[in-house]
Amino acid sequence: MLSRPSALPVSPSPPLPPLPRVSTTAGGADWDVFCRIIDNFGDIGVCWRLARQLASEHHLRVRLWVDELATFRLLCPQVDPTRAVQELQGIEVRLWEKRLPAVTPAAVVVETFACRIPEPFVERMAKRSPRPVWINLDYLSAEAWVPTCHTLPSPQPQLPLEKFFFFPGFTADTGGLLRERDLLERRRQFVDNAGMHDAFWRRTGFTRPPVGHLLVSLFAYDNAVIGDLLAIWADAGVPLCCLAPLSQTLPAIRRFAGRALEAGDTFRRGTLEVRVLPFLRQEHYDQLLWLCDVNFIRGEDSFVRAQWAARPLVWHIYPQQEGVHIGKLDAFLAIYCADLPAASALALRQFWHAWNVGRIETSVWQALAANLPTLREHAIRWQDGLAQQDDLSRRLVNFAGSKL
């Protein structure tokens with residue numbers, strides 16, 4: 001079984017000094033990061049966070065290759081989808097076209113989520129001297145096999161190159177989690193600042209919810225039981241404000257409401273108020289997570305950010321054929337629930353499973369709601385334990401430096 005992060009609270013660590021550049025080549029880039037947007041925003045969300053950290057905290061020249069600039073623009077409004085080359089926040093962003101320009105590969109090349117770098121680029125990597133460190137940044141998982149495969153090399157049969165597999169994870173023997181150096185301090189400042197809360201609500205077009213409402217963010221893949229959950233909340237007798245950013249949840253919310261809803265609209269039934277928020281940029285989505293009492297999140301990027309929010313969370317894992325994703329869900333629950341009292345662990349497990357298999361009953365929500373105070377304390381301890389570890393960007397930079 002994977003070891004789990006320490007549950008002991010710790011004081012914030014002092015800022016770490018920037019690492020030296022890993023390339024001394026003139027011009028070009030220190031790191032090439034390739035991102036193919038396969039589904040939704042998870043891939044580009046991770047890659048954009050990583051690229052910004054490499055540039056701002058590790059002072060590296062980063063070239064980010066993205067195949068869909070229009071989708072990227074939703075996360076970063078400064079993106080111009082008509083430009084194949086542009087600089088954004090100190091990062092060279094390039095359109096990943098069918099035929100890439102004949103640029104010199106960087107000292108470190110990151111292939112995210114097995115996106116398969118084009119062969120001509122790989123051939124140029126083989127001709128570069130010294131040859132680049134080639135890293136496949138894989139998907140996040142808590143499964144027991146991850147530490148045994150982390151950083152394993154894969155020699156390429158036709159070229160004098162080897163690719164290293166790098167797995168994000170929750171323990172010291174994995175690749176860690178993305179976390180900006182100032183993230184926890186920014187969260188602390190926001191949580192304690194009513195003026196910043198008001199600015200968030202103005203930005204979304206709403207006023208503060210009434211005092212005493214349970215605040216729940218709802219971000220999920222298409223889920224057949226979204227309407228069932230909304231009905232449970234409407235009849236629960238406890239005021240609940242559901243904050244739903246524009247996503248795949250909207251059609252189900254519309255069906256439940258029985259009318260068209262768009263960003264900025266509000267719908268009420270019983271003790272439930274649903275607010276449809278506009279699409280949120282990453283920094284504003286973080287603030288939503290920090291504000292809420294419970295966060296429903298999906299995929300990988302928002303899953304990690306919800307853990308840094310130190311709030312109770314419900315994960316809608318990306319569905320896979322033959323239920324493979326349920327094993328991954330259970331692997332995380334095994335380490336996340338290790339320090340929880342039995343009743344709280346059972347309530348969390350049952351609700352996560354119900355949400356992911358599409359069978360929600362009133363009793364599973366009532367059990368989860370009854371355990372929210374304990375889950376809140378646990379979420380804080382969990383975050384504190386993770387924060388004692390180096391983050392993903394630093395582990396990547398350290399690993400690449402050891403191979404150059």
Side-chain angles (χ1 to χ4, degrees), residues 37-45 48 68-82 196-210 213-236 239-299 301-303 305-306 309 311 313-314 316 318-319 355 358 360:
I37 299 176
I38 299 173
D39 186 18
N40 302 299
F41 304 97
D43 295 348
I44 184 58
W48 182 228
E68 290 184 23
L69 294 180
T71 301
F72 184 14
R73 188 180 186 182
L74 293 171
L75 289 181
C76 179
Q78 293 78 29
V79 171
D80 184 347
T82 67
M196 296 179 75
H197 296 187
D198 290 336
F200 171 86
W201 292 116
R202 287 194 300 271
R203 190 181 301 112
T204 61
F206 292 98
T207 59
R208 281 185 181 224
H213 279 58
L214 188 72
L215 299 186
V216 180
S217 72
L218 180 60
F219 185 51
Y221 300 113
D222 186 22
N223 191 326
V225 294
I226 289 174
D228 295 339
L229 182 60
L230 294 175
I232 290 170
W233 288 343
D235 295 336
L240 186 149
C241 184
C242 173
L243 306 169
L246 283 180
S247 71
Q248 291 174 322
T249 62
L250 187 55
I253 294 173
R254 287 170 174 162
R255 288 193 296 272
F256 177 77
R259 63 181 177 88
L261 293 170
E262 302 296 342
D265 289 340
T266 298
F267 170 77
R268 294 181 178 86
R269 180 178 296 176
T271 52
L272 170 67
E273 176 185 350
V274 178
R275 298 182 177 187
V276 181
L277 306 186
F279 187 90
L280 299 177
R281 291 162 50 180
Q282 287 181 323
E283 61 270 29
H284 301 150
Y285 181 68
D286 281 335
Q287 293 177 347
L288 173 66
L289 297 176
W290 300 340
L291 275 173
C292 287
D293 299 300
V294 186
N295 290 307
F296 283 68
I297 40 77
R298 75 183 194 194
D301 185 52
S302 60
F303 176 45
R305 303 310 281 194
R311 295 286 193 272
L313 68 155
V314 177
H316 194 189
Y318 188 81
W355 184 240
I360 289 288

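Note that the numbering runs from 1 along the sequence shown for the chain. Values below: all heavy atoms of this structure, side chains included; hydrogens, waters and symmetry mates excluded.
In this structure, the separation between OH on Tyr285 and CG on Leu277 is 10.5 Å, given to the nearest 0.5 Å. In this structure, CG on Leu74 lies 9.0 Å from CD1 on Ile37, to the nearest 0.5 angstrom. Rounded to the nearest 0.5 Å, atoms CG (Asp198) and CZ (Arg203) are 11.0 Å apart. Atom CG in Leu218 sits 5.5 Å away from atom CD1 in Ile226 (nearest 0.5 Å). One finds the CD atom of Gln248 at 5.0 Å from the CZ atom of Arg298 (value rounded to the nearest 0.5 Å). In this structure, Leu272 CG and Leu229 CG are separated by 9.0 Å, a value rounded to the nearest 0.5 Å.
The heavy-atom pair separating His316 from Ala220 by the smallest distance is ND1-CB, 3.6 Å. The heavy-atom pair separating Gly227 from Phe256 by the smallest distance is O-CD1, 3.6 Å. For the pair Pro319 and Tyr221, the tightest heavy-atom approach, listed with the atom from each and the gap, is CD-CD1, 4.0 Å. The shortest heavy-atom contact between Ile253 and Ala244 is CD1-CB, 3.6 Å. Closest non-hydrogen pair, Trp201 versus Pro209, comes out as CZ2-CD, 3.3 Å. When every heavy atom of Leu261 is checked against every heavy atom of Ala257, the shortest pair comes out as CD1-CB, 3.8 Å.
In terms of the ring pair (Phe, Tyr, Trp, His ring centres under 6.0 Å) criterion, residue partners of Phe303 (sequence neighbours excluded) are, by chain and number, Trp315, Phe332.
Between Phe279 and Leu75, the closest side-chain pair of non-hydrogen atoms falls below 4.5 Å. Counting heavy atoms from C-beta outward, Leu243 and Phe206 have side chains that stay 4.5 Å or more apart. Taking the side chain as every heavy atom from C-beta outward, Trp355 and Asn223 approach each other to under 4.5 Å. Side-chain contact check for Leu246 versus Val276: some heavy-atom pair is nearer than 4.5 Å.
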Which donor-acceptor pairs under 3.5 Å do side chains of residues 290-297 form with protein atoms, sequence neighbours excluded?
unit_1: Asp293; atom_1: OD2; unit_2: Leu215; atom_2: N; d: 2.8
unit_1: Asn295; atom_1: OD1; unit_2: Ser217; atom_2: OG; d: 2.6
unit_1: Asn295; atom_1: ND2; unit_2: Leu289; atom_2: O; d: 3.1

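Sorted by first and then second residue, the salt bridge (charged side-chain N to carboxylate O under 4.0 Å, His left out) pairs involving residues 272-286 (not counting sequence neighbours) are Arg49-Asp286, Arg268-Glu273, Glu273-Arg275, Arg281-Glu283, Asp286-Arg305.
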Are Glu262 and Arg254 close enough, and set up right, to give a salt bridge (Lys or Arg N to Asp or Glu O under 4.0 Å), and what steps lead you there?
CA-CA 9 Å; Glu262 302 296 342; Arg254 287 170 174 162; 2.8 Å; yes
